[in-house]
Amino acid sequence: MKRSIRKFCGVIILAGVIASCGGSENSPATEAPGTDAPATDAPATDAPATEGVLNVPADFPTIQGAVDAAVEGDLILIAPGTYTEAVQVTTNNIIIRGLDRNTVILDGNFELDNGIRVVGANGVALENMTAMNYTKNGFFWTGVTGYRGDYLTAWRNGDYGVYVFDSVGGVIDNSYGGGSPDAGVYIGECFPCDSLIRNFVAEHNGLGYSGTNAGGNLVITGSIFRNNRAGIVPNSGSYELCYPQRKTTIIGNWVYSNNQADSPAIDVAILAMGNGILSAGGVQNIIERNRVWDHNKTGIGLVPFLEDDPNDEMPEKSAWDMTCAESKKLTPVQPGGGILWDSQDNTVRNNVLEDNRRADIAVGSAGTDLWTLGNCFEGNTYTTSAPTNLEALSPCGTPLTADGDWVTGDLQVITWLVDAETAPPSVDWKIATLPDMPVFDSMPDAATAPGVAASATPPVVDLDAITVPDKIS
Amino acid sequence: MARRIRAFFFVGLLSFVAACTNDDDDAGGHDHSNMPVDAAAVMGQPDRPIAGPQGGVGQFVVECPFSHALSDDPIVYPGDEDASHLHTFFGNVAADADSQLQDLLEQPTTCEQQLDTASYWAPALLDEGELITPEKSVAYYRAGLGLDPTTVVAFPAGLMMIAGDHMATTPQPVSVVAWSCGAGGLREELPPVCPPTRGLRLDVTFPDCWDGKNIDVAGHRKHMYYSSDGKCPSSHPVPVPQLIFAVTYPVTGDASQLQLASGSLLTGHADFINAWDQEKLQQEVELCIHRNVVCGVTSGRSSG
């Protein structure tokens with residue numbers, strides 16, 4: 001009952017100031033397709049008025065209107081149509097769901113910034129819809145505890161497809177990011193992140209996955225990273241907080257053909273081009289049981305990230321377990337010059353690699369003795385490595401030593417800076433050629449499944465049960 | 001957006017030497033007789049430079065590519081075309097000497113945030129008198145150092161502000177005007193030698209305390225003040241967002257022989273007219289500054 005009353009109020013307000021409603025958000029035109037404003041008489045809709053369900057456009061002509069009216073626990077259901085809106089969400093624990101993933105389309109028209117931006121609202125779930133042509137991100141959570149993205153398609157957006165920043169406890173599941181100059185999917189500035197990326201497809205982006213300073217119970221699994229400039233690229237850097245990047249588990253993914261010359265690309269993506277899984281200054285990551293093939297540079301590479309003008313010094317190894325929240329309280333110390341984030345203490349094990357033209361597996365540095373970095377390689381199926389005898393030199397479980405030939409076949413990673421100068425330049429994300437948008441499976445029972453707010457505890461994945469995925473094309 | 005980065009790469013790597021061959025000393029010729037000489041005495045200055053990693057403080061960020069260059073100054077010489085030194089404008093595409101708030105609100109912007117129709121401008125950076133076209137600007141809006149972010153209110157519509165001293169002959173405080181390389185934490189009185197991957201940047205920090213009455217005053221300064229010790233003075237009791245305006249140039253290597261159109265490289269300054277969609281501006285203040293959430297990408301990552 002309480003619900004009906006509130007909804008009734010919402011309708012009255014809408015009917016009264018419908019014009020100003022349109023102007024109250026940051027979309028220039030928010031006409032919902034195929035509908036007029038709801039009639040003034042009460043919560044009449046063509047869907048049954050279910051407790052806690054707000055229908056767009058039947059009850060509210062815009063998604064933003066429904067979001068503004070929603071209270072915690074409400075489910076917003078969006079009917080097929082194109083919505084030219086940039087939706088802001090600041091209410092905890094609401095669920096925004098499209099009735100059909102492929103035909104519920106939020107379109108930024110190359111003008112609006114984010115499809116849906118969740119700002120500091122915990123437990124918000126976004127489900128079963130498409131966001132395209134936004135100048136920033138398709139779907140964006142920032143400053144939240146608990147988030148869920150499920151059956152989302154982010155297509156041709158100006159920064160990231162799915163972007164999770166300074167947020168913990170969540171899952172991005174069954175989703176897609178294509179055509180962004182930065183990453184198709186990103187989780188960054190969190191430790192522990194307590195987050196899961198599963199069954200994601202990232203293609204034709206600058207980077208498939210990026211995760212600056214992310215880690216700690218962060219798992220990327222069962223996902224496809226293909227035809228990006230570079231595939232999976234976690235990195236460290238003091239330009240954002242909670243460095244270094246650490247303790248991410250990348251397991252059971254398909255990573256292939258990330259040499260895409262005609263995609264949009266930020267400069268880091270151009271630098272990383274031609275690599276499958278590339279740790280750029282990451283530490284203590286586990287890269288295991290992935291299938292990685294067809295790259296111009298490395299299949300799995302562990303390389304340094306050079307930060308020319310850092311905001312802080314690198315934390316000592318003893319501080320690597322400090323939580324993000326704690327480390328934010330520290331005062332940065334301005335270093336005198338650039339710093340080099342080496343990839344250290346990573347484990348690369350039981351991956352299957354082929355046709356990675358510079359090397360299937362590799363570790364490189366810009367002067368640091370490779371053996372001191374403590375990265376181990378074991379049980380991989382591969383043909384080439386840099387240095388040449390990498391697995392023999394770098395067993396897991398025993399301290400590495402200077403013994404052996406660490407020089408022959410060295411990656412010479414510093415030459416990548418030169419390669420970047422002549423690499424194919426970025427293509428404007430607004431006009432880059434993309435493959436036809438795939439038709440994706442929608443969320444089952446989208447119309448009837450109950451709305452469940454996002455848990456701050458991601459689904460538990462049985463890592464032991466994951467095997468190297470079969471090759472696909 | 002990324003295209004410009006590429007251009008910057010090439011310019012940086014291949015031709016920055018060309019920017020270093022000038023022996024000119026001072027462009028001179030400015031005629032701002034009505035401007036204060038000692039800005040700090042009039043407006044105070046921040047306790048320390050604001051720089052650092054994204055993520056620590058709630059803020060919203062707007063990237064605005066270069067729009068146009070004109071020898072106009074809508075604040076200092078309103079209605080008076082070609083009265084000023086050369087300025088590079090960002091944001092509103094129509095800003096010129098005749099700009100009134102209502103005109104600006106109806107015009108397009110170069111900003112990626114389309115509802116930011118404000119105008120931002122800075123003196124042109126010159127190489128032997130030739131304009132160096134900037135790549136873009138980034139406007140960071142956050143609470144001043146130590147201020148309670150929930151007390152910050154949006155700028156009033158039409159507010160005009162100037163930060164920095166166009167007549168400076170000695171270094172200005174780097175907390176107000178500084179040079180850096182890209183979005184890193186360096187803050188220098190004169191341009192540092194920037195590496196190929198990070199172009200030269202001018203960082204200007206605007207005052208964050210308003211007198212609560214005037215959107216402009218004679219001399220264009222006294223209605224604004226810098227907070228100190230986490231507080232606004234009683235003369236300027238209203239905290240507004242601290243605007244840090246950064247202009248990125250396609251310049252790497254030695255920049256010591258360049259000039260600003262206002263004079264030497266010490267004369268950095270910037271101007272702002274609030275012609276944002278006021279409702280959107282208020283929304284961003286509430287969503288991002290009040291809630292202490294980072295609402296956008298800063299360009300430490302060079303995404304644009």
Side-chain angles (χ1 to χ4, degrees), chain A residues 23-26 28 88 90 111-114 117 119-120 135-137 140 142-144 158-160 163 165-166 181-182 188-189 206 210 212-213 237-243 264-271 306-312 328 332 334-335 338 417 420-421 425-429, chain B residues 1-10 12-14 49 51-58 60 62-63 108 111-116 180-187 192 194-198 201 277 279-280 283-284 286-288 290-304:
Chain A
S24 71
E25 56 192 67
N26 58 355
Q88 316 287 347
T90 56
E111 292 180 347
L112 303 178
D113 49 10
N114 300 284
R117 185 176 73 171
V119 184
T135 62
K136 292 295 187 186
N137 312 295
F140 177 18
T142 182
V144 312
D159 269 343
Y160 300 87
Y163 183 47
F165 182 77
D166 187 28
D182 207 307
E189 193 173 294
S210 167
T212 303
N213 304 339
S238 67
Y239 60 89
E240 290 171 4
L241 290 169
C242 306
Y243 28 86
I266 61 166
D267 53 359
V268 168
I270 289 170
L271 193 56
L306 172 63
E307 194 172 18
D308 293 319
D309 186 11
N311 287 306
D312 196 3
K328 281 181 179 177
Q334 181 78 55
L417 287 167
E421 294 170 37
S426 177
V427 178
D428 186 344
W429 64 273
Chain B
M1 157 167 82
R3 170 78 58 140
R4 285 189 297 281
I5 289 295
R6 294 298 310 163
F8 149 70
F9 251 109
F10 285 111
L13 289 169
L14 304 178
Q54 178 185 16
V57 175
F60 57 100
V62 181
E63 291 185 9
C111 301
E112 292 186 341
Q113 172 50 262
Q114 296 280 298
L115 296 178
D116 179 2
S180 64
C181 298
L186 205 62
R187 293 293 179 271
C194 292
T197 51
R198 283 175 177 245
R201 204 162 98 140
D277 177 289
E279 205 165 347
K280 177 64 178 174
Q283 185 186 60
E284 292 296 279
E286 287 165 18
L287 290 185
C288 310
H290 289 185
R291 297 170 80 97
N292 201 24
V293 171
V294 177
C295 279
V297 185
T298 49
S299 55
R301 199 175 164 77
S302 295
S303 62

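Residue numbers begin at 1 in each chain, while the letters A, B, ... track the order of the sequences.
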Please report the interatomic distance [atom1]([X]) to [atom2]([Y]), rounded to the nearest 0.5 Å.
X        : Y        : atom1 : atom2 : answer
A:Asp113 : B:Glu112 : CG    : CD    : 9.5 Å
B:Cys288 : A:Arg117 : SG    : CZ    : 4.5 Å
A:Leu112 : B:Leu115 : CG    : CG    : 8.0 Å
A:Asn114 : B:Gln113 : CG    : CD    : 9.0 Å

### Message
side-chain contact (heavy atoms from CB on, under 4.5 Å), that's the test. Do A:Gln88 and B:Glu286 meet it? Break it down for me.
### Response
CA-CA 12 Å; A:Gln88 316 287 347; B:Glu286 287 165 18; over 6 Å; no
For residues [X] and [Y], report the shortest heavy-atom separation together with the two atoms involved.
X        : Y        : result
A:Thr142 : B:Val293 : CG2-CG1, 3.3 Å
A:Glu189 : B:Gln54  : OE1-O, 3.1 Å
B:Pro53  : A:Ser238 : CB-O, 3.3 Å
A:Asp308 : B:Arg198 : CB-CD, 3.8 Å
A:Val119 : B:Cys295 : CG1-SG, 3.8 Å

